[in-house]
Protein chains: 2
Amino acid sequence: MSHIELDSYDWRLLRALQTNARLSNVALSEQVNLSPSQCSRRLQRLEQNNLIEAYFTQLNASELGYQITAFVSITLDKRVKNSDKEFKQAIEAIPEILECYSVSGDADYWLRVISENLPSLSSFLSESLSSLTCVRDLTSTVVLNRVKHAPSIPLPN
Amino acid sequence: MSHIELDSYDWRLLRALQTNARLSNVALSEQVNLSPSQCSRRLQRLEQNNLIEAYFTQLNASELGYQITAFVSITLDKRVKNSDKEFKQAIEAIPEILECYSVSGDADYWLRVISENLPSLSSFLSESLSSLTCVRDLTSTVVLNRVKHAPSIPLPN
DNA sequence: CCTGAAACATAATGCAC
DNA sequence: GTGCATTATGTTTCAGG
């Protein structure tokens with residue numbers, strides 16, 4: 001993971017791409033004040049140096065039928081053999097679980113899940129999560145409203 | 001927000017774009033089995049119908065100096081006038097706060113924040129968050145490891 | 001609704017500086 | 001490193017099924 005020197009042009013490129021991953025080199029060149037060919041070359045360099053993890057499309061979940069987002073904190077039953085391994089395998093296989101983190105504190109894992117509505121969330125929690133033998137305890141927190149969503153990490157100028 | 005009929009080609013387009021927002025129409029046409037021109041037209045239709053919220057680039061946070069991700073749950077002091085408004089304004093202005101949700105349960109808000117390291121997280125929590133007069137209580141949970149991150153919502157075939 | 005071809009736009013790269 | 005010119009790719013419109 002070779003660290004490379006980034007200059008002001010690189011920051012501007014990254015900043016522009018954070019908010020719109022589909023910008024063309026021509027569009028980038030206008031925002032960044034470089035020629036399109038330089039944008040192309042610098043972007044290649046940034047990708048090769050692993051500064052860019054992915055280009056994602058964020059879909060409109062509620063238009064697609066998922067009205068509910070919830071966070072779920074999970075405590076595993078440490079008496080169950082290989083509970084971590086079993087849990088991780090289960091997590092990977094469940095598409096409604098969008099994110100999963102192992103965390104410090106009372107719980108072992110935090111999940112972000114989506115569901116169609118509250119009844120479906122309720123049955124998802126009991127049928128897909130509580131039912132796992134490795135899960136000892138589970139607390140869900142329903143999202144009422146998204147106040148901020150900045151997929152952009154702060155960058156220098 | 002007019003609901004439109006989506007067919008199998010649309011699902012495939014959305015599925016492909018979820019994991020790579022920069023796919024060209026030619027590349028999409030290969031994954032979807034349509035001509036490039038149809039991919040272009042359908043994608044325009046999907047965008048116009050608000051099924052796509054954003055194309056964003058996920059940067060490598062740790063390469064860029066942010067080693068720590070934490071979740072912070074916040075309870076506001078309801079005795080403070082306009083505490084919600086004051087809080088939301090503060091949130092918007094702090095770049096280390098990447099996401100903020102109002103939630104059900106004990107806390108009022110949940111945040112996802114990034115920080116350079118644990119000392120900087122510590123001072124961020126006390127100086128930028130606890131210091132807000134509207135904040136009554138705050139609990140932070142540090143992410144130890146990202147187990148799953150699927151920015152992809154499940155789609156039909 | 002679709003494909004395919006033509007006209008147009010953009011991307012990638014060699015080269016001169 | 002950069003811009004410019006060139007060639008390779010990609011996009012979009014339109015005629016036709």
Side-chain angles (χ1 to χ4, degrees), chain A residues 1-60 63-65 151-157, chain B residues 1-60 63-65 151-157:
Chain A
M1 216 111 310
S2 55
H3 279 270
I4 58 168
E5 279 296 312
L6 302 181
D7 67 10
S8 168
Y9 290 120
D10 296 309
W11 303 126
R12 279 190 258 172
L13 275 170
L14 293 173
R15 196 130 17 88
L17 284 168
Q18 277 198 125
T19 46
N20 186 355
R22 277 180 80 84
L23 288 174
S24 69
N25 288 326
V26 172
L28 285 171
S29 74
E30 287 160 7
Q31 293 201 25
V32 167
N33 269 304
L34 263 184
S35 64
S37 55
Q38 283 320 305
C39 291
S40 167
R41 273 196 278 236
R42 277 169 179 266
L43 184 48
Q44 283 179 29
R45 192 180 71 123
L46 293 169
E47 287 174 350
Q48 279 158 18
N49 285 277
N50 197 31
L51 284 145
I52 292 174
E53 286 185 352
Y55 300 107
F56 288 134
T57 299
Q58 190 185 345
L59 303 182
N60 188 325
E63 280 287 315
L64 290 162
S152 39
I153 77 173
L155 298 174
N157 291 307
Chain B
M1 217 112 307
S2 56
H3 278 270
I4 58 168
E5 279 297 312
L6 300 182
D7 67 10
S8 168
Y9 289 120
D10 295 310
W11 303 126
R12 279 191 258 172
L13 276 170
L14 293 174
R15 196 132 16 88
L17 284 168
Q18 276 198 125
T19 46
N20 186 355
R22 277 179 80 84
L23 287 174
S24 69
N25 288 324
V26 172
L28 285 170
S29 75
E30 285 160 7
Q31 292 201 25
V32 167
N33 268 305
L34 264 184
S35 63
S37 49
Q38 283 318 303
C39 291
S40 168
R41 291 218 293 137
R42 278 170 178 266
L43 184 48
Q44 282 179 30
R45 193 179 69 123
L46 294 169
E47 287 175 350
Q48 279 158 19
N49 285 278
N50 198 30
L51 284 146
I52 292 173
E53 285 185 353
Y55 301 106
F56 67 85
T57 300
Q58 190 186 346
L59 303 183
N60 188 327
E63 280 287 315
L64 290 162
S152 39
I153 77 173
L155 299 173
N157 292 306

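Residue numbers begin at 1 in each chain, while the letters A, B, ... track the order of the sequences. Owing to the predicted nature of the structure, the values given are computational and were not obtained by experimental measurement.
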*Report the residue (A:Arg45 or A:Arg22) whose heavy-atom-nearest nucleotide on DNA chain D is the more 5′ of the two.*
A:Arg45

_Closest-nucleotide 5' rank along DNA chain D - winner of B:Arg41 and A:Arg41_ = A:Arg41

_Nearest heavy atoms of B:Asn25 and B:Ser40, plus distance in Å_ = ND2-CB, 3.4 Å

*Expressed in angstrom and rounded to an integer, what is the separation of B:Leu43 atom CG from D:dT12 atom P?*
9 Å

_Could you tell me how far apart B:Tyr9 (OH) and C:dC1 (P) are, to the nearest whole angstrom?_
12 Å

*Spell out yes or no: do the side chain of B:Ser37 and the base of C:dC2 have one donor N/O and one acceptor N/O closer than 3.5 Å?*
no

*What's the shortest heavy-atom distance between B:Tyr55 and A:Thr57, and which atoms?*
CD2-OG1, 3.3 Å

*Let me know the distance between CG of A:Asp7 and C1' of D:dG1, rounded to the nearest Å.*
10 Å

_Starting the side chain at C-beta, find the nucleotide from D:dG1, C:dC2, D:dG10 nearest to B:Ser24._
D:dG10

_In whole Å, I'd like the distance from the CG atom of A:Leu23 to the P atom of C:dA11._
10 Å

*May I have the distance from B:Leu13 (atom CG) to D:dT11 (atom C1'), rounded to whole angstrom?*
15 Å

*How large an angle, rounded to 10°, do the end axes of the helix from C:dC1-D:dG17 to C:dC17-D:dG1 enclose when each is built from five base pairs?*
20°

*asked:* What is the separation between atom CD on B:Glu30 and atom P on D:dT11, rounded to the nearest whole Å?
replied: 11 Å

Tell me which donor-acceptor pairs under 3.5 Å the side chains of residues 9-16 of chain B have, and how far apart each pair is, sequence neighbours excluded?
| unit_1 | atom_1 | unit_2 | atom_2 | d |
| --- | --- | --- | --- | --- |
| B:Asp10 | OD1 | B:Arg42 | NH1 | 3.0 |
| B:Asp10 | OD2 | B:Asp7 | N | 3.0 |
| B:Asp10 | OD2 | B:Arg42 | NH1 | 3.2 |
| B:Asp10 | OD2 | B:Arg45 | NH2 | 3.0 |
| B:Arg12 | NH1 | B:Val32 | O | 3.0 |
| B:Arg15 | NH2 | B:Pro156 | O | 3.0 |

*In whole Å, what is the span from the CZ atom of B:Arg42 to the C1' atom of C:dC2?*
9 Å

_Per A:Asn25 side chain, nearest of listed nucleotides C:dC1, D:dT2, C:dA11_ = C:dA11

*In this structure, which one of B:Val26, B:Leu28, B:Leu17, B:Leu23 forms a side-chain contact (heavy atoms from CB on, under 4.5 Å) with B:Cys39?*
B:Leu28

*A:Gln44 side chain N/O closer than 4.0 Å to the phosphate oxygens (OP1, OP2) of C:dT13?*
yes

*In whole Å, what is the span from the CD atom of A:Gln38 to the C1' atom of D:dG1?*
7 Å

_If we ignore hydrogens and angles and just use 3.5 Å, is the side chain of A:Glu47 paired with the main-chain N or O of A:Ile52 as donor and acceptor?_
no

_Phosphate-side-chain proximity, B:Ser40 and D:dT11, N/O vs OP1/OP2 below 4.0 Å_ = no

_B:Val26 side chain, from C-beta outward: closest of C:dT3, D:dG3, D:dT11_ = D:dT11

*Give a yes or no on whether the backbone of B:Ala54 and the side-chain of A:Arg22 come within a donor-acceptor separation of less than 3.5 Å.*
no

*asked:* Restricting to non-hydrogen atoms, name the atom on B:Ala21 and the atom on A:Ala21 that form the minimum distance, rounded to 0.1 Å.
replied: CB-CB, 4.2 Å

